[in-house]
Amino acid sequence: MRDFLGRVLPERAGSPGSPLTPPADFDFAAIFGANLKRVFGERDAARRIDAIRELYAPDAILHEPDRSVHGHEAISRAVTELLGHLPRDFAFTPVRPALGHNGVGRLQWTAGPPDGPVAVTGLDVAHIEHGVIKTLHVFLDPQGA
């Protein structure tokens with residue numbers, strides 16, 4: 001029975017209560033940093049969609065505070081719409097390097113003009129599979145927080 005389960009469910013092989021084999025960890029700082037710069041910081045739609053295709057799984061889901069979108073094209077449209085509401089000099093900047101383990105990472109960030117006050121702060125939480133973003137949840141901090 002254990003031999004069969006070891007072949008069918010290798011991550012659950014072993015005795016009951018034994019630890020599962022964790023998924024590979026990734027360079028979370030590189031993935032989140034590229035996402036901020038090449039996706040949320042890119043105003044050129046052609047370069048942005050190229051970055052999305054590189055950084056996101058084809059069936060990725062982006063969960064923003066007010067909606068969720070699915071797939072590369074929808075993610076690109078959502079980011080285009082977001083950037084259309086922001087001044088051209090707005091930039092998303094990491095507060096500190098991203099952290100993560102077992103395929104889930106987080107990045108705290110700020111956004112605003114390069115030389116001006118911070119306009120918004122937030123947190124991205126992503127599920128990473130095979131080195132690309134499978135699901136990204138964007139959380140905005142309450143104003144004044």
Quick one: CD on Glu81 to OG on Ser76, what's the gap to the nearest 0.5 Å? 11.5 Å
Nearest 0.5 angstrom please: Leu36 CG to Glu42 CD, how far? 13.0 Å
Straight-line distance of Phe40 CZ to Ile52 CD1, nearest 0.5 Å: 8.0 Å
So do the side chains of Arg106 and Asp124 get within less than 4.5 Å of each other, counting heavy atoms only? no
In Å, rounded to the nearest 0.5 Å, how long is the span from NE2 of His70 to OG1 of Thr135? 8.5 Å
In this structure, would Leu55 and Leu83 fall into the same cluster of hydrophobic residues linked by side-chain contacts under 4.5 Å? yes
If you compare all heavy atoms of Asp89 against all heavy atoms of Pro114, which two are closest, and at what distance to 0.1 Å? O-CD, 3.0 Å
Within the side chain of Glu64, is there an N or O that forms a donor-acceptor pair under 3.5 Å with the backbone of Asp66? no
Quick test of your reading of the model: are Asp59 and Lys134 salt-bridged, counting only N-O distances below 4.0 Å? yes
Write down the atom of Ala29, the atom of Pro97, and the distance for their closest heavy-atom approach. CB-CB, 4.5 Å
Indicate if Tyr56 and Val69 have the same hydrophobic cluster label, given that clusters are the connected sets of ILVMFWY residues with side-chain heavy-atom separations under 4.5 angstrom. yes
Run the side chain to side chain contact (heavy atoms under 4.5 Å, CB included) test on Ile61 and Leu136 for me, step by step, so that the C-alpha distance in whole Å, both residues' side-chain angles and the decisive distance to 0.1 Å come before the verdict. CA-CA 6 Å; Ile61 300 172; Leu136 176 65; over 6 Å; no
Is His127 reaching over with its side chain to a backbone N or O of Gly105, donor-acceptor style, under 3.5 angstrom? no
For Trp109 and Phe92, take the angle between the two ring planes, folded into 0 to 90°, and tell me which bin it lands in: parallel under 30, tilted 30 to 60, perpendicular over 60. perpendicular
Hphob cluster co-occupancy, Phe90 + Val79, side-chain heavy atoms under 4.5 angstrom: yes
Would Asp141 and Val120 satisfy side chain to side chain contact (heavy atoms under 4.5 Å, CB included), going step by step from the backbone distance to the final call? CA-CA 7 Å; Asp141 293 328; Val120 64; over 6 Å; no
Under a single-linkage definition using a 4.5 Å side-chain heavy-atom cutoff for Ile, Leu, Val, Met, Phe, Trp and Tyr, are Leu86 and Leu62 assigned to the same hydrophobic cluster? yes
Quick one: closest heavy-atom pair of His63 and Ser68, and the distance? ND1-OG, 2.5 Å
How long is the span from the CZ atom in Phe28 to the CG atom in Leu99, to the nearest 0.5 Å? 9.0 Å
Pairwise distance CZ(Arg38) to CG(Asp44) - rounded to 0.5 angstrom: 12.0 Å
Is there side-chain contact between Ile49 and Glu73, with heavy atoms separated by less than 4.5 Å? yes
Decide yes or no for Leu123 and Leu107: does some side-chain heavy atom of the first lie under 4.5 Å from some side-chain heavy atom of the second? no
Linking I/L/V/M/F/W/Y whenever their side-chain heavy atoms sit closer than 4.5 Å, directly or via other members, would Val95 and Val39 fall into one cluster? no
Arg67 atom CZ, neighbour heavy-atom count above 12 within 6.0 Å: yes
